[in-house]
Amino acid sequence: MEKLHTITKETQVQPISSMLNYNGFYGEFGGAYIPPVLAAPLEKLADFFDSEARKESFQKEFIHYLKTYVGRPSPLYYAKRLSEHIGSKIYLKREDLNHTGSHKINNTIGQILIAKSMGAKEIIAETGAGQHGVATATAAALIGIPCKVFMGAIDVKRQTLNVRRMKFLGAEVISTDLGTQTLKDAVDAALGYYIENPESYYLLGSQVGPHPYPKMVGYFQSVIGQEARNQILDTEGRLPDSIFACVGGGSNAIGLFSGFFDDVEVEILGAEGGGNATLDNTAATLSMGKPTIFQGTYSYCLVDTEGNPVESHSIAAGLDYPGISPQHSFLKESNRAKYFAVTDKEAIAAYKLISELEGIIPAIESSHAVALADKILKGQNRLAIINLSGRGDKDVEREF
Ligand SMILES: *Cc1c(COP(=O)(O)O)cnc(C)c1O
């Protein structure tokens, strides 16, 4: 595997100048809109990350775990039968083959090493379907730091397998009765605990929240795009025409996309959880939302007529979040990337398609990206990469 870029000004330079993220802004999006008690701990974290992640010792340890524990590099697989079906040459970036079954482990390993270096005594995290909770509990067990995972009471009931996995890994699962008792409320509960206990390390699971989280998460996931770019150049001798990823909070997508920001000829496409494509049943934040401040950052968000954040709806728990990464908001506004809502129905069709054509049961989240690629590339004879963000074992018991 190629060495990850160290975080220097040179390697952060993107073709669009305000993509430079020295202080947590991507254009007008991002920042840290937080209660004053969190200002000092988050500033400390931002400074610590900037210096620690540059160190060779940190890079070595991170890459060591990515290789020997996560199983990287993940293959870039030529999906022959899917390609014939779509009428374009399709490669799948196999994040589903990572330890714990998705891209989330790239971020939790990176952040747990930051937490360890900072001397954190406790890890806290939020989770919706439990995927990030499991990835965090795994990383915390690996390094040996106690871990509390906050989860909405409804999700605790719905996701018994992941709750059991987290407990088995030694984490404490804390059920919250706030609000709708789902992901958004788990974030509020974890933030509330963090405000009371700012010496804990809050390990955020997607490219959302206040600075420095979008920067850190984007950095740890950038390994996906760096690998994919090298792999496609090795096998095809050229860059892809288009790249696709599903977008929930935006972390797997930014991981793939960031490897190709400088390659202006590569078309970047994101698939949002469209629900049934109506305003009161969607998770398509960029397609149907408005910029506002939500959970610590200024970014697009699903809002009601008064501008208040509302609940999202998607068949895919990982996409079911009313907010979005500020970097994706910026990519949308600057037209470097395009985002489309993919409905539940379209995602289910793609889920079945890949299972039958390729012998790969994808996560229902990742199936959104495949559905979008199918729509846009049909008969186009183009070269494309789709990020397969995770495996679908978690979804097979559901009646689609
Ligand atoms: C959590 C999850 C997602 C959505 O999160 P992002 O931060 O948008 O990547 C997508 N796919 C899988 C498999 C997930 O577990």
Side-chain angles (χ1 to χ4, degrees), residues 74 92-108 110-111 125-136 138 151 155 159 161-162 165 182-184 186-187 203-209 213-214 216-225 244-258 269-273 283-286 295 297 299-300 312 314-329 331 337 339 342 347 350-351 354 360-372 386-396:
S74 66
L92 301 176
K93 180 63 174 158
R94 299 289 309 275
E95 293 300 298
D96 61 310
L97 293 177
N98 293 340
H99 178 47
T100 70
S102 82
H103 68 289
K104 287 199 169 71
I105 192 83
N106 305 324
N107 169 50
T108 58
Q111 285 198 54
E126 81 295 332
T127 198
Q131 298 296 100
H132 173 57
V134 169
T136 303
T138 300
M151 195 168 182
D155 285 335
Q159 308 291 341
L161 178 64
N162 278 341
R165 287 168 85 191
T182 58
L183 175 61
K184 175 168 130 346
V187 175
L203 205 162
L204 201 59
S206 188
Q207 208 205 7
V208 296
Y213 287 103
M216 287 201 299
V217 176
Y219 177 68
F220 292 132
Q221 294 293 0
S222 69
V223 64
I224 301 173
F244 295 85
C246 66
V247 185
S251 71
N252 87 86
I254 217 68
L256 179 67
F257 295 174
S258 59
L269 299 142
E272 299 197 280
T285 307
L286 290 170
Q295 292 185 332
T297 188
S299 189
Y300 273 74
S312 57
S314 167
I315 192 170
L319 307 184
D320 201 358
Y321 181 67
I324 180 102
S325 141
Q327 193 168 9
H328 285 292
S329 289
L331 289 168
Y339 299 85
V342 170
Y351 173 78
I354 311 158
I360 298 168
I361 302 174
I364 189 69
E365 289 81 1
S366 322
S367 305
H368 286 68
V370 178
L372 183 63
I386 306 173
N387 204 24
L388 212 71
S389 55
R391 65 176 185 229
D393 310 38
K394 68 188 181 55
D395 300 310
V396 295

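Throughout, numbering of the chain's residues begins at 1 and tracks the sequence. Values in this document were obtained by computation on a predicted structure and should not be read as measured data. Basis for what follows: all heavy atoms, side chains included, without hydrogens, waters or symmetry-related copies. Counting starts at 1 for both ligands and their atoms, following the listed order.
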Considering the heavy atoms of C246, write down every atom of ligand 1 situated less than 4.0 Å from one of them. 10 (C)
Indicate, as side chain, backbone, both or neither, the part of S251 found under 4.0 angstrom from ligand 1 when only non-hydrogen atoms are considered. both
If we ignore angles and hydrogens, is there a donor and acceptor under 3.5 Å between the side chains of S206 and H132? no
List every atom of ligand 1 that sits less than 4.0 Å from any heavy atom of A363, numbering the atoms from 1 in the order shown and giving each element. 13 (C)
With a 3.5 Å cut-off and no angle check, do the side chains of S366 and S389 form a donor-acceptor pair? yes
Within-cut-off N or O pair, L319 and ligand 1, under 3.5 Å: no
If you count heavy atoms of other groups shown closer than 6.0 angstrom to CD1 of I361, is the number above 12? no
Under 3.5 Å side-chain donor-acceptor pair for S312 and D320: yes
Distance-only polar pair, side chains of Q221 and N107, donor-acceptor under 3.5 Å: no
I want to confirm something. Looking only at heavy atoms, which of H103, K104, E365 is nearest to atom 2 (C) of ligand 1? K104
Run the numbers for me: atoms of ligand 1, each under 4.0 Å from some heavy atom of G248, listed by number. 8 (O)
I'd like to check which ligand 1 atoms, numbered from 1 as shown, lie under 4.0 Å from a non-hydrogen atom of G390. 13 (C)
Shortest protein contact, atom 4 (C) of ligand 1 (heavy atom only): G318 O, 3.2 Å
Side chain of Q327, backbone of P214: donor and acceptor closer than 3.5 Å? no
I'd like to check the side-chain contact (heavy atoms from CB on, under 4.5 Å) partners of K184; sequence neighbours left out, ordered by chain and number. F294, Q295, P322
May I ask you to identify the nearest protein heavy atom to atom 12 (C) of ligand 1, giving residue, atom name and distance to one decimal place in Å? S389 OG, 3.5 Å
The single option from Q207, K104, H103, H328 passing side-chain hydrogen bond (donor to acceptor under 3.5 Å, both in side chains) against S251: H103
Under a 4.0 angstrom heavy-atom cut-off, which atoms of ligand 1 come close to S206? 6 (P), 7 (O)
Which ligand 1 atoms, with their elements, are less than 4.0 angstrom from a heavy-atom of G250? 6 (P), 7 (O), 8 (O)
